[in-house]
Student: 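The structure is given below, and queries will be raised subsequently.
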Number of protein chains: 2
Amino acid sequence: MKYDTHSELTEERLTHVSQIFKALGDPTRIRILHLLLDRECSVNEIAEKLEMNQSTVSHQLSSMKKIRLVKSRREGTTIYYSHDDKHVIDLLTEAINHACHN
Amino acid sequence: MKYDTHSELTEERLTHVSQIFKALGDPTRIRILHLLLDRECSVNEIAEKLEMNQSTVSHQLSSMKKIRLVKSRREGTTIYYSHDDKHVIDLLTEAINHACHN
DNA sequence: TTAGAATATTTATATATGCTAATATATGCA
DNA sequence: TGCATATATTAGCATATATAAATATTCTAA
């Protein structure tokens with residue numbers, strides 16, 4: 001029997017992990033998540049700060065919500081988004097910090 | 001002046017980080033890197049183990065080499081690949097380990 | 001130098017992705 | 001109800017991506 005110190009890479013885990021990384025593999029989504037590091041933001045707030053189309057921001061938020069990277073909360077007509085996966089946030093900040101010391 | 005505990009997300013860092021994550025955001029490349037966790041492998045070896053086309057494997061290795069995720073070493077007609085970015089390997093194993101405890 | 005093995009590259013194709021404009025939906029308020 | 005605001009969704013387009021087949025390159029050995 002083979003001795004292996006690494007976790008087995010099942011099909012299910014492979015799909016999940018690649019899905020997460022794929023979500024992080026886009027500048028727009030990274031910028032959005034970076035904005036959400038500290039605090040929640042509304043869709044318009046994000047669109048204005050990043051100087052992007054409201055539709056684009058909404059679209060990306062929707063895709064990230066689908067895989068539970070962010071969550072939303074309604075307050076009147078405004079919807080506030082915040083991150084919803086501490087581990088993914090850790091992966092992101094680690095990568096950014098590392099990029100600062102290249 | 002705004003007090004911020006997070007690293008500034010410059011355009012250069014954004015490009016670099018999203019590039020890394022994009023590379024990790026594909027099942028094929030993850031499987032290749034997972035094979036290379038412990039030891040170097042030849043192109044054919046990878047292709048056989050993953051039951052994939054030689055051309056496809058070579059292509060993905062080439063794309064990962066371009067951004068220095070893997071490196072290669074020639075021995076006769078055989079070329080052995082191994083990973084070349086400890087930090088990226090850490091990101092990957094962390095993500096896989098986490099996927100094991102979801 | 002010629003044949004064979006291992007890898008790389010080129011080309012083609014199908015699919016996925018990101019963005020935008022336009023439209024739709026939902027909420028609050030007069 | 002009717003209107004304004006905020007967000008979501010749809011449709012279309014241009015680009016990027018992953019894969020595979022075919023071909024080219026590089027090296028070894030006879």
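All chains are named by letter (A, B, ...) in the order of the sequence lines, taking the proteins before the strands, and each is independently numbered beginning at 1. Here the structure is a predicted model, which means the values were calculated and not measured.
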Student: Closest nucleotide of DNA chain D for A:Glu45 versus for B:His59: which of these residues is on the 5' side?
Tutor: A:Glu45

Student: Starting from B:Val88, can I reach A:Ile89 by hopping between I/L/V/M/F/W/Y residues whose side chains sit under 4.5 Å apart?
Tutor: no

Student: What integer distance in Å separates B:Glu40:CD from C:dA6:P?
Tutor: 16 Å

Student: Please give, in whole Å, the distance from C:dT9 C1' to B:Ile79 CD1?
Tutor: 13 Å

Student: Between A:Glu75 and A:Met52, just flag the one whose closest nucleotide in DNA chain C comes earlier from the 5' side.
Tutor: A:Met52

Student: Counting only side-chain N and O atoms of A:Arg29, is one of them less than 4.0 Å from OP1 or OP2 of C:dG18?
Tutor: yes

Student: What is the distance, rounded to the nearest whole Å, between atom CG of A:Leu24 and atom P of C:dT17?
Tutor: 14 Å

Student: Given C:dT20, is OP1 or OP2 found less than 4.0 Å from the side-chain N or O atoms of A:Thr56?
Tutor: yes

Student: May I have the distance from B:Asn53 (atom CG) to D:dT17 (atom P), rounded to whole angstrom?
Tutor: 20 Å

Student: Taking only residues two or more places apart in sequence or in another chain, which ones pass side-chain hydrogen bond (donor to acceptor under 3.5 Å, both in side chains) with B:Glu75?
Tutor: B:Arg73

Student: So, OP1 or OP2 of D:dT19: does either fall under 4.0 Å of a side-chain N or O from B:Gln60?
Tutor: yes

Student: Please check: side-chain N/O of B:Arg29 versus main-chain N/O of B:Met64, any donor-acceptor pairing under 3.5 Å?
Tutor: no

Student: Should B:Glu45 and B:Arg39 be marked as a salt bridge (charged side-chain N to carboxylate O under 4.0 Å, His left out) after you check the CA-CA gap, both sets of side-chain angles, and the distance that decides it?
Tutor: CA-CA 12 Å; B:Glu45 201 177 340; B:Arg39 53 194 186 70; 3.2 Å; yes

Student: Separation of A:Arg73 atom CZ from D:dA6 atom C1', in whole Å?
Tutor: 14 Å

Student: Tell me: CG of A:Asp26 to P of D:dT17, nearest whole Å?
Tutor: 11 Å

Student: Quick one: the side chain of A:Ser55 and the base of D:dT9, do they pair up donor-acceptor inside 3.5 Å?
Tutor: yes

Student: Output the single nucleotide from C:dT7, D:dC27, D:dT10 whose closest atom is nearest the side chain of B:Arg74.
Tutor: D:dC27

Student: Reckon B:Lys22 touches a base, only the sugar-phosphate, or nothing at all at heavy-atom distances under 4.0 Å?
Tutor: sugar-phosphate

Student: Among the nucleotides C:dA8, D:dT9, D:dA8, which one has an atom lying closest to any side-chain atom of B:Ser58?
Tutor: C:dA8

Student: Looking at D:dA6, I'd like to know if its phosphate oxygens (OP1 or OP2) sit under 4.0 Å from a side-chain N or O belonging to A:Ser42.
Tutor: no

Student: When you check the phosphate oxygens OP1 and OP2 of D:dA6, does a side-chain N or O of A:Tyr81 lie under 4.0 Å from one of them?
Tutor: no

Student: Once you round it to whole Å, what is the distance between P of C:dT7 and NZ of B:Lys71?
Tutor: 17 Å

Student: Give a yes/no on whether any side-chain N or O of A:Thr77 is located under 4.0 angstrom from OP1 or OP2 of D:dA6.
Tutor: no

Student: Report yes if a side-chain nitrogen or oxygen of B:Asn44 is closer than 4.0 Å to either non-bridging phosphate oxygen (OP1 or OP2) of C:dA5; otherwise report no.
Tutor: no

Student: B:Gln54 near the nucleic acid: base, sugar-phosphate alone, or nothing, with a heavy-atom cut-off under 4.0 Å?
Tutor: base

Student: Restricting to non-hydrogen atoms, name the atom on A:Phe21 and the atom on B:Leu91 that form the minimum distance, rounded to 0.1 Å.
Tutor: CZ-O, 3.8 Å

Student: To the nearest angstrom, how far is A:Leu61 atom CG from C:dC19 atom P?
Tutor: 12 Å

Student: Does atom NZ of B:Lys71 have more than 12 heavy-atom neighbours, drawn from other residues, nucleotides or ligands, at distances under 6.0 Å?
Tutor: yes

Student: For a quick check of understanding: with a heavy-atom distance under 4.0 Å over all strands, which category does B:Thr78 fall into, base, sugar-phosphate or nothing?
Tutor: sugar-phosphate

